[in-house]
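Structure, as structure tokens:
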Number of protein chains: 2
Amino acid sequence: MRKQELAKLDRTDLRILEALQHNGGLTNQQLAETVGLSPSPCSRRVQKLEAAGIILKRETVLDARKLGLDLTVIIQISMDRHTPERFANFEEKVASYPEVQQCYLVTGQEADYLLKVVVPDIDGYQHFLLNKITRIEGVSGVHSSFVMRRVVDTAALPLNYVET
Amino acid sequence: MRKQELAKLDRTDLRILEALQHNGGLTNQQLAETVGLSPSPCSRRVQKLEAAGIILKRETVLDARKLGLDLTVIIQISMDRHTPERFANFEEKVASYPEVQQCYLVTGQEADYLLKVVVPDIDGYQHFLLNKITRIEGVSGVHSSFVMRRVVDTAALPLNYVET
DNA sequence: TGTTATTTCGCAACATTATTGCTTATATGG
DNA sequence: CCATATAAGCAATAATGTTGCGAAATAACA
């Protein structure tokens with residue numbers, strides 16, 4: 001995995017990305033006005049950013065509470081054997097569970113994987129843990145932290161670090 | 001904070017939400033075809049879902065690597081005193097840092113807060129930690145886990161649990 | 001610094017898409 | 001089984017996105 005080639009972006013591109021990060025529902029006209037451009041070059045820039053893969057995808061964020069999904073859990077998982085096969089199998093299983101919003105392979109002695117899962121309630125979580133996670137081969141340790149308050153939750157990146 | 005009143009949604013609403021979750025860039029026409037509806041009732045349903053707050057917002061997801069943001073870190077933070085003032089101050093500070101994508105107040109003895117932050121590299125992380133996080137009053141313990149691989153990363157909720 | 005080449009802009013025309021009014025159909029409840 | 005309410009589809013309208021092209025600005029080079 002070679003070092004990613006950085007695209008050359010000017011301030012206008014960054015302003016576009018910044019605006020879209022926080023409000024993906026903006027129309028091209030609104031976006032154009034926000035960044036001080038007429039609609040046509042604005043649209044062309046967005047197309048370029050999509051073609052370059054800098055804009056990965058659009059997501060629609062739903063209200064979990066209003067859908068009866070009241071429990072979010074952060075799970076730390078450790079594996080007994082660190083073989084590529086175990087890891088591949090674990091990742092494949094985990095990726096197939098709709099409850100899993102995030103799964104990262106991380107450094108650290110306490111855990112190999114960090115997961116964020118969403119379920120309706122404790123019962124649902126117990127079921128998920130016992131019937132799905134702990135049944136995956138190689139899972140040796142599980143530690144759960146329950147989310148009490150969501151202070152920050154966004155996909156927005158710190159674009160202030162990006163060179164122009 | 002009383003129990004959230006669940007909206008009554010039929011299968012069509014759920015199909016709309018499911019489609020939009022994974023592809024917020026769908027046009028209303030594409031969405032209508034996906035869920036087997038003509039464009040007008042489809043548009044009206046989406047408007048209702050937005051008005052009801054079930055659709056919270058649209059986000060545009062960017063490629064961190066292509067922007068030179070190569071390091072994602074999960075930070076566990078513990079506080080020395082669990083007073084509301086300390087917590088409020090911490091949360092206010094944390095919410096103002098663009099590097100912070102997520103911050104949750106969680107249960108557990110190891111940590112009070114779990115953060116996910118994005119920075120360009122180790123240097124940037126060190127700077128963030130020393131000049132921002134550890135300077136917040138009350139922060140007594142910090143443990144960092146570095147993300148090596150992103151297995152799953154989505155905002156999509158498990159709508160299979162939602163009653164129709 | 002003058003000149004050329006390249007890029008990006010904005011206008012206007014065109015194409016596509018979203019939205020609204022209204023009628024018809026489909027459920028719901030008495 | 002009829003009355004009422006809810007949602008669907010069609011067609012017209014409104015709004016929005018997109019493209020070609022000439023002008024302007026910017027950058028590159030002599």
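Below, chains carry the letters A, B, ... as their sequence lines are ordered, and counting in each starts from 1. Predicted, not measured: the structure shown is a model, and the values here were computed from it.
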Practice prompt. Indicate yes or no for a side-chain donor-acceptor contact from A/Ser96 to the backbone of A/Lys93 under 3.5 Å, with no hydrogens or angles considered.
Written response: yes
Worksheet item: Is there a donor-acceptor pair under 3.5 Å between the side chain of A/Asp70 and the backbone N or O of A/Asp121?
Response: no
Fill in: Heavy atoms of other groups near B/Glu92 CD, more than 12 under 6.0 Å
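Counting other residues, nucleotides and ligands, CD of B/Glu92 stays at 12 neighbours or fewer.
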Worksheet item: More than 12 non-hydrogen atoms from neighbouring residues, nucleotides or ligands closer than 6.0 Å to CD on B/Glu33, yes or no?
Response: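 Incorrect, the count does not exceed 12.
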Worksheet item: Which of residues 31-39 of chain A sit near DNA chain C, with a heavy atom under 4.0 Å from it?
Response: A/Leu37, A/Ser38
Response to the item:
Applied to residues 75-85 of chain A, the salt bridge (charged side-chain N to carboxylate O under 4.0 Å, His left out) test, sequence neighbours excluded, yields A/Asp80-A/Arg86
Strictly under 3.5 Å: I want the nitrogen or oxygen pairs between protein and nucleotides 19-25 of chain D, one per line.
from: D/dG20; atom 1: O6; to: A/Arg44; atom 2: NH2; distance (Å): 3.0

Using whole Å, what does the distance between atom [atom2] of nucleotide [N] and atom [atom1] of [X] come to?
| X | N | atom1 | atom2 | value |
| --- | --- | --- | --- | --- |
| A/Asp10 | C/dT7 | CG | C1' | 11 Å |
| B/Arg11 | D/dA8 | CZ | P | 11 Å |
| A/Glu50 | D/dT18 | CD | P | 9 Å |
| B/Asn28 | D/dA15 | CG | P | 17 Å |
| A/Gln29 | D/dT16 | CD | P | 5 Å |
| A/Leu49 | C/dT8 | CG | P | 12 Å |
| B/Leu9 | D/dA7 | CG | P | 12 Å |
| B/Leu26 | D/dG17 | CG | P | 16 Å |

Donor-acceptor pairs under 3.5 angstrom involving side-chain atoms of residues 49-60 of chain B: please list them, not counting sequence neighbours.
from: B/Glu50; atom 1: OE2; to: B/Arg58; atom 2: NH2; distance (Å): 2.9
from: B/Lys57; atom 1: NZ; to: B/Glu59; atom 2: OE2; distance (Å): 3.0
from: B/Glu59; atom 1: OE2; to: A/Ala155; atom 2: N; distance (Å): 3.3
from: B/Thr60; atom 1: OG1; to: A/Leu20; atom 2: O; distance (Å): 3.0

Side-chain donor-acceptor distances from residues 137-147 of chain A under 3.5 Å, at least two apart:
from: A/Ser140; atom 1: OG; to: A/Ser78; atom 2: O; distance (Å): 3.1
from: A/His143; atom 1: NE2; to: B/Glu110; atom 2: OE1; distance (Å): 2.9
from: A/Ser144; atom 1: OG; to: A/Tyr125; atom 2: OH; distance (Å): 2.6

Worksheet entry | Inter-end axis angle, the helix from C/dT1-D/dA30 to C/dG30-D/dC1, with every axis fitted to five base pairs (rounded, 10 degrees) |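 Between the axes fitted at each end of the helix from C/dT1-D/dA30 to C/dG30-D/dC1 lies an angle of 50°.
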Fill in: Residues A/Asp10, A/Arg15; criterion salt bridge (Lys or Arg N to Asp or Glu O under 4.0 Å); working and verdict
CA-CA 9 Å; A/Asp10 60 16; A/Arg15 295 192 65 190; over 6 Å; no
Discussion item. Would you say the rings of A/Phe90 and A/Tyr113 are close, in the sense that their centroids are separated by under 6.0 Å?
Written reply: yes
Discussion item. Check for me, please, whether A/Leu157 and B/Ile122 land in the same ILVMFWY cluster - side-chain distances under 4.5 Å, paths through other members count.
Written reply: yes
Fill in: B/Val117 side chain reached by B/Thr72 side chain, heavy atoms, under 4.5 Å
no
